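Down below is the structure, laid out as structure tokens.
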2 protein chains.
Amino acid sequence: MSSKEKILGTAIVLFAQKGYSGLSMRQLAQAVDMSVAAIYHHFPDKNTLYLEAVRFAFSDKEQVFAQVWESGCSAEEKLGGFIRSLIDVMLQDRDFHRLMQREILEADPERMQLLAQGIFKRQFSLLMQLATELAPEQDAQLVATSIIGLAKCYVEYQPLLKNFPGWKPKHEMPEVIAAHITELLLNSLRAKTA
Amino acid sequence: MSSKEKILGTAIVLFAQKGYSGLSMRQLAQAVDMSVAAIYHHFPDKNTLYLEAVRFAFSDKEQVFAQVWESGCSAEEKLGGFIRSLIDVMLQDRDFHRLMQREILEADPERMQLLAQGIFKRQFSLLMQLATELAPEQDAQLVATSIIGLAKCYVEYQPLLKNFPGWKPKHEMPEVIAAHITELLLNSLRAKTA
DNA sequence: ATGGACCTAACAAACGTTCAGTAGGTACAT
DNA sequence: ATGTACCTACTGAACGTTTGTTAGGTCCAT
């Protein structure tokens, strides 16, 4: 692993934990056991480093979903597979999830465009295509957004849900969450097309 | 409006925009047109100020939903009303929404408990009750979470969705979003009980 | 004359960034 | 083979600015 990759990998974890302004270059330097100037040798400034870290975090997620799309399953099975993969990725790589959350929270228009066009567009298009297949008469973007929103909220609210009445340990199991969401969606989409 | 309330109100907006470490005491002082020391006269330190601001932001939201619950509508109409109110609150008071998002992102266990027990518990319980009424055989917490997650994601992803294919201006209209979510949920819940 | 509300000015620490310099390697002309 | 030139990767020390916080004093209503 090169120094640059080491810096980026550590930056992902620490930016996800502390946020952009919460992480100082000195803290990062200490974490990768280098001098501050060494980091500035690889990256022109903090902002560029952050952007590259975000891009780096996203770079290996693309192929996780490839096998779902390329499988010979039915549309309904593909939906189940996609939801399950999405939840698995977010639960396993929480730094990725938190970094993504932070990016969306910041909502900088320029970065939103970069995020949408450069990173998520392909997956979102495929999901919209699937939505059209399942429910041709509904608005594909609305349906696709609902799918992602449903999956994401369970990961996001997990620390909060523990404290509500009605909480059960199985609510943290990816297969239970995925099954609930998939059923909810298929029930609805089927009802509409029938 | 007292100085203390003025500080808190401004702090909500700026903490929501910039995050805890992104907002300095000097910036806040300038925004409320006071000296830094004046803020320290009212609050012992930055952390306490932040906590009080969060609490202050949540204090007036409780009653927005009261009229939904107290209306004589059917369960299905109540669901529609709740979803519409939720989206309206989040779209109108974006600072409240962003501050809430930040709190959940931070996911400090102690603060999560405070948030759940002290602020959201009542609304969540009423929503679970409604879920049970609509779909008795389903897990109420899962359904309630799906309802909130669905509503929230549309507000959250708005800056991102603009950049995706298939976006239409009407996707930002609260009544369109609310209608889509309500229909999605009712379709599904009805299909199950039928 | 007492006390709450507020000020200016300063503190040490931490901040992002830069700069001059060095160790180690490669390439090339002599 | 050897000196020179140039490269990347890195260091230590410093730049000026901003940070959270506080001490000491002023104003004004009670």
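Computation of the quantities below employed the complete heavy-atom set of this structure, encompassing side-chain atoms and omitting hydrogens, waters and symmetry-equivalent molecules. What you are looking at is a predicted structure, and each value in this text was computed from that prediction instead of being measured. Numbers restart at 1 for each chain; the letters A, B, ... are given by sequence-line order, proteins then strands.
- Phosphate contact (OP1/OP2 of C:dG4, side-chain N/O of B:His42, threshold under 4.0 Å): absent.
- The shortest distance between the side-chain N/O atoms of B:His41 and the OP1/OP2 oxygens of C:dA5 is below 4.0 Å.
- Classification of the A:Phe82-A:Phe65 ring pair by plane angle, with boundaries at 30° and 60°, yields tilted.
- In this structure, CD1 on A:Ile83 lies 7.0 Å from CG on A:Leu186, to the nearest 0.5 angstrom.
- For the atom pair CD1 (A:Ile177) and OG1 (A:Thr182), the distance works out to 11.0 Å, reported to the nearest 0.5 Å.
- Contacts with DNA chain C (heavy atom under 4.0 Å) in residues 44-56 of chain B: none are found.
- The side chain of B:Tyr40 lies closest to D:dG20, out of C:dT17, D:dG20, C:dC6.
- In this structure, A:Phe43 atom CZ and D:dC10 atom C1' are separated by 14 Å, rounded to whole Å.
- Classification of B:Glu106 and A:Arg102 as a salt-bridged pair holds, one side-chain N sitting under 4.0 Å from a carboxylate O.
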ring-ring contact (aromatic ring centres under 6.0 Å, His included) between B:Phe58 and B:Phe96: does it pass, once the steps are laid out?
CA-CA 7 Å; B:Phe58 291 155; B:Phe96 164 77; 5.4 Å; yes
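- Note: A:Phe15 and A:Tyr20 have parallel aromatic rings, judged against thresholds of 30 and 60 degrees for the angle between ring planes.
- For the OP1/OP2 pair of C:dA5 and a distance below 4.0 Å, the side-chain nitrogens and oxygens of B:Ser3 include no atom meeting the criterion.
- Interface residues of residues 21-39 of chain A facing DNA chain C, ordered by number: A:Leu23, A:Ser24, A:Met25, A:Arg26, A:Gln27, A:Val36, A:Ala37; criterion, heavy-atom separation under 4.0 Å.
- Side-chain contact between B:Gln92 and B:Val89: absent, with no pair of heavy atoms (C-beta onward) separated by less than 4.5 Å.
- Checked for salt-bridge contact, B:Lys78 and B:Glu133 miss the test: no charged N lies under 4.0 Å from a carboxylate O.
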